[in-house]
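The structure appears right after this line, and notes come after that.
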Amino acid sequence: MHRVLTVSSFVLAGLLGCGSSSSDHASTTPATTSAAPAPSGDITTQAEQQAMTPAEVIADLKAGNARFVRGETTPRDHLAQVKGTAAGQYPKAVVLSCLDSRVPAELVFDQGIGDLFVARVAGNFENEDILGSMEFATAAAGSKAIVVLGHTSCGAIKGACDGVELGNLTATLANIAPAIAASQGVPGEHTSKNHAYVHAVTEANIDQTVRDITERSPVLKDLVDKGALTVVGALYDLETGQVTWR
């Protein structure tokens, strides 16, 4: 909710004169200026969450990203939102995002405290723990959408393309193997030096994760089949801040 405060300032020319001329009156015309919008402490309520359809949630996220790209994000009173959500939360969506520090989901979609469930892992893939978290967020807590959010120039994707092995990271990057296999037809060398190849693997990984979510979770598939949930993929551009939807 946006609330704009209007502040009026009056130039009181000729204040000491008791017989002002017409030119004096002209100089005292009030000048109106607009102050910055007041920070909002509004939060998503249970009634609002329940009333929203999956399509409306996605539309809300798209609008939020458009504001983010324009530099017109919603002023928020975060402390008020902290207090407002202390007794309960009613997020509208789940975002499965990469670990990358440059892709903060709440900022990217211009959302406040209590608006999103966010799971983050290098390479934005799903596993049993994340699927269980998604089941909680949707079937138990009422969220209407799941967004798999990949991003350009992803280090995890590049590492998988190059076959990087490092401790537990080796097993983490192995989750991207299906996307690697799906991108074998891309021309050129299949390493992180080939930007087209990296981009193809990034998109294939998003699409694979979207499919896996419903294929590996009967709970989530049932919600999708009932029209109570949508699962979509999206790609964040590190250079522009824009999200494109798949």
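Counting only heavy atoms from C-beta outward, the side chains of T152 and E239 never approach each other to under 4.5 Å. Between I176 and L173, the closest side-chain pair of non-hydrogen atoms falls below 4.5 Å. Residues V103 and L238 are in side-chain contact: their nearest non-hydrogen atoms beyond the backbone lie under 4.5 Å apart. The shortest side-chain heavy-atom distance between L149 and C98 does not fall under the 4.5 Å cut-off. The side-chain heavy atoms of L61 and W245, taken from C-beta on, include a pair separated by under 4.5 Å. H151 places none of its side-chain heavy atoms less than 4.5 Å from the side chain of I157. Side-chain contact between Q111 and D60 is present, with at least one heavy-atom pair separated by less than 4.5 Å. D222 has its side chain out of reach of P218: every pair of non-hydrogen atoms, C-beta onward, lies at least 4.5 Å apart.
At distances below 3.5 Å, not a single donor-acceptor pair connects side-chain atoms of D162 with backbone N or O atoms of T191. In this structure a side-chain-to-backbone donor-acceptor pair under 3.5 Å is present from N175 to T172. For N127 (side chain) and D129 (main-chain N/O), a donor-acceptor pair under 3.5 Å exists by modelled atom type. Between the E106 side chain and the V118 main chain, no donor and acceptor come within less than 3.5 Å of each other. No donor-acceptor pair closer than 3.5 Å links the side chain of D100 to the backbone N or O of C154. At least one donor-acceptor pair closer than 3.5 Å links the side chain of R76 to the backbone N or O of D110. Side chain of K144 to main chain of A55: no donor-acceptor pair is present (N/O by atom type, distance under 3.5 Å, no hydrogens or angles). With hydrogens and angles ignored, the 3.5 Å screen pairs a side-chain donor or acceptor of Q49 with a backbone N or O of P91.
Distance check: S133 OG to E126 CD gives 12.5 Å after rounding to the nearest 0.5 Å. How far CD of Q46 is from OH of Y90: 4.0 Å, rounded to the nearest 0.5 Å. Interatomic distance, OG1 of T138 versus CD1 of I146, reported as 5.5 Å (0.5 Å rounding).
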Worksheet entry | Audit row: E135, S217, side chain to side chain contact (heavy atoms under 4.5 Å, CB included) steps and yes/no | CA-CA 8 Å; E135 289 169 356; S217 172; 2.6 Å; yes

Discussion item. For a side chain to side chain contact (heavy atoms under 4.5 Å, CB included) check, start with the C-alpha distance between K92 and F117, then their side-chain angles and the critical distance, and finish with the verdict.
Written reply: CA-CA 8 Å; K92 64 192 76 168; F117 284 112; over 6 Å; no

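Within 6.0 Å of the NE2 atom in H199, the count of heavy atoms belonging to other residues, nucleotides or ligands does not exceed 12. Residue-environment remark: CG (D225) exceeds the threshold of 12 foreign heavy atoms within 6.0 Å. The neighbour count for E215 CD, taken as heavy atoms of other residues, nucleotides or ligands under 6.0 Å away, is above 12. Other residues, nucleotides and ligands place more than 12 heavy atoms under 6.0 Å from the NE2 atom of H78. Enclosure of atom CD in E189 by more than 12 non-hydrogen atoms of other residues, nucleotides or ligands within 6.0 angstrom is indicated.
The hydrophobic cluster containing V95 does not contain V121, counting ILVMFWY residues as joined when their side-chain heavy atoms lie under 4.5 angstrom apart, directly or transitively. Residues M134 and L229 fall within the same hydrophobic cluster, defined by Ile, Leu, Val, Met, Phe, Trp and Tyr side chains chained together at heavy-atom separations under 4.5 Å. Linking ILVMFWY side-chain heavy atoms closer than 4.5 Å, directly or via other members, places V198 and V186 in a single hydrophobic cluster. Each of V231 and F109 belongs to its own hydrophobic cluster when Ile, Leu, Val, Met, Phe, Trp and Tyr are linked at side-chain heavy-atom distances under 4.5 angstrom.
Among the candidates I213, V94, N124, L96, the single residue satisfying the side-chain contact (heavy atoms from CB on, under 4.5 Å) test with I130 is L96.
The two atoms that bring A93 and V57 nearest to each other are CB-CG1, 3.8 Å, heavy atoms only. The two residues V210 and V148 come nearest to each other via the heavy atoms CG2-CG2, 3.8 Å. Here the shortest heavy-atom pairing between A234 and V243 reads CB-CG1, 3.6 Å. The shortest heavy-atom contact between K158 and S192 is CB-CB, 3.7 Å. Here the shortest heavy-atom pairing between P54 and T230 reads CB-CG2, 3.7 Å. Counting all heavy atoms, side chain and backbone alike, L166 lies closest to T170 at N-OG1, 2.8 Å.
Between the side chains of D115 and T44, at least one donor N or O sits under 3.5 Å from an acceptor N or O.
Taking a cutoff of 4.0 Å between a charged side-chain nitrogen and a carboxylate oxygen, D207 and R211 do not qualify as a salt bridge.
Ring geometry, Y236 versus F68: the interplanar angle falls from 30° to 60°, so the pair is classed tilted.
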